[in-house]
Amino acid sequence: MKLRTKIHRVRLGRDEYRVVTAAPQAGRAVLYDGDWSMQMYLDRQGAQDLAAAWALAARSRRSLVHLPLRAADGPAGLPWDIGPDGRLDLLLVHHSLGLPPSRWKEIRARLGTGTPHTADVPATDFPPEEAIDHDRRNFTGWLDELRFAGAAHTLVVTGSATAFRWTGSWLHSLSREAPAFQHHHGRSPGSHYCITLRHNGNQFSSAAKGIPSMLHITYAHQWKVD
């Protein structure tokens with residue numbers, strides 16, 4: 001999986017941050033804030049780009065992986081009308097950095113032009129579903145879950161390498177399986193291919209104030225894939 005990016009280095013006081021920003025791609029993806037869940041729509045290439053960003057977040061423990069999505073328009077036929085103020089960027093952060101989400105606004109303001117770079121991450125970074133031991137989530141002290149927060153019109157997703165790899169396997173499956181699913185089921189009313197990611201891996205957990213605890217990601221068959 002390849003992802004065209006720009007690399008930025010930003011210094012705030014004693015701290016320096018390496019920010020990997022996804023460059024404009026052929027694929028499309030858009031992220032909205034909702035009352036009950038955040039909603040993301042993407043086409044096949046957008047799903048591949050998102051999976052690559054997820055793998056990059058697992059590998060690049062000292063980097064912030066930034067996907068600037070707010071300028072994107074959603075596919076036709078959305079069930080609600082969302083204006084530009086409801087759209088969100090996406091920031092993926094390894095939890096070992098301990099980044100306060102409130103710092104993101106100032107970091108983003110200092111990004112500059114950046115240095116072009118192509119990240120190449122193997123799909124084998126994602127374990128097959130049957131290799132994931134979900135029972136480990138029941139162990140005391142388990143910390144390998146994603147956590148959601150918000151800052152400056154951005155959804156900040158924080159997690160360990162394991163959390164990004166496990167959930168990334170679902171994203172990778174979506175990019176491979178959703179187009180075929182829609183080809184066979186697209187004429188069935190209401191049929192769609194989606195996955196849901198939850199704050200702290202639990203539908204009953206509460207995310208940061210004002211942030212829904214669920215991220216619903218849907219393959220947008222309205223966006224035709226060449």
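As a basis for the values below, the full set of heavy atoms in this structure was taken, side chains included, without hydrogen atoms, waters or symmetry mates. Numbers for residues simply follow the sequence, beginning at 1.
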message = Using a strict threshold of under 4.0 Å (side-chain N to carboxylate O), is an ion pair present between Arg103 and Asp15?
response = yes
query = Ser213 and His199: side chain to side chain donor-acceptor pair (under 3.5 Å), yes or no, with the steps?
reply = CA-CA 5 Å; Ser213 60; His199 170 80; over 6 Å; no
task = Answer yes or no: is there a donor N or O on one side and an acceptor on the other, between the side chain of Asp144 and the main chain of Ala163, under 3.5 Å?
result = no
ask   = So, Arg108 side chain and Ala152 main chain: donor-acceptor pair closer than 3.5 Å or not?
value = yes
ask   = Any chain of hydrophobic side-chain contacts (each under 4.5 Å) joining Leu92 to Ile195?
value = yes
inquiry  = Quick check: is Trp166 connected to Val93 through a chain of hydrophobic side chains (ILVMFWY, heavy atoms under 4.5 Å apart)?
reply    = no
remark   = d(Leu31 CG, Leu67 CG) to nearest 0.5 Å is 9.5 Å
task = Evaluate the criterion side chain to side chain donor-acceptor pair (under 3.5 Å) for residue pair Arg4 and Thr118; output intermediate values, then yes/no.
result = CA-CA 4 Å; Arg4 291 191 297 111; Thr118 298; over 6 Å; no
request  = Hey, could you give me the OH/CG distance between Tyr193 and Leu174, rounded to the nearest 0.5 Å?
outcome  = 5.5 Å
Output field: ring centroids Trp54/His172 closer than 6.0 Å = no
inquiry  = Restricting to non-hydrogen atoms, name the atom on Leu69 and the atom on Leu88 that form the minimum distance, rounded to 0.1 Å.
reply    = CB-O, 3.5 Å
key: Backbone N/O of Lys2 and side chain of Asp120: donor-acceptor pair under 3.5 Å   = no
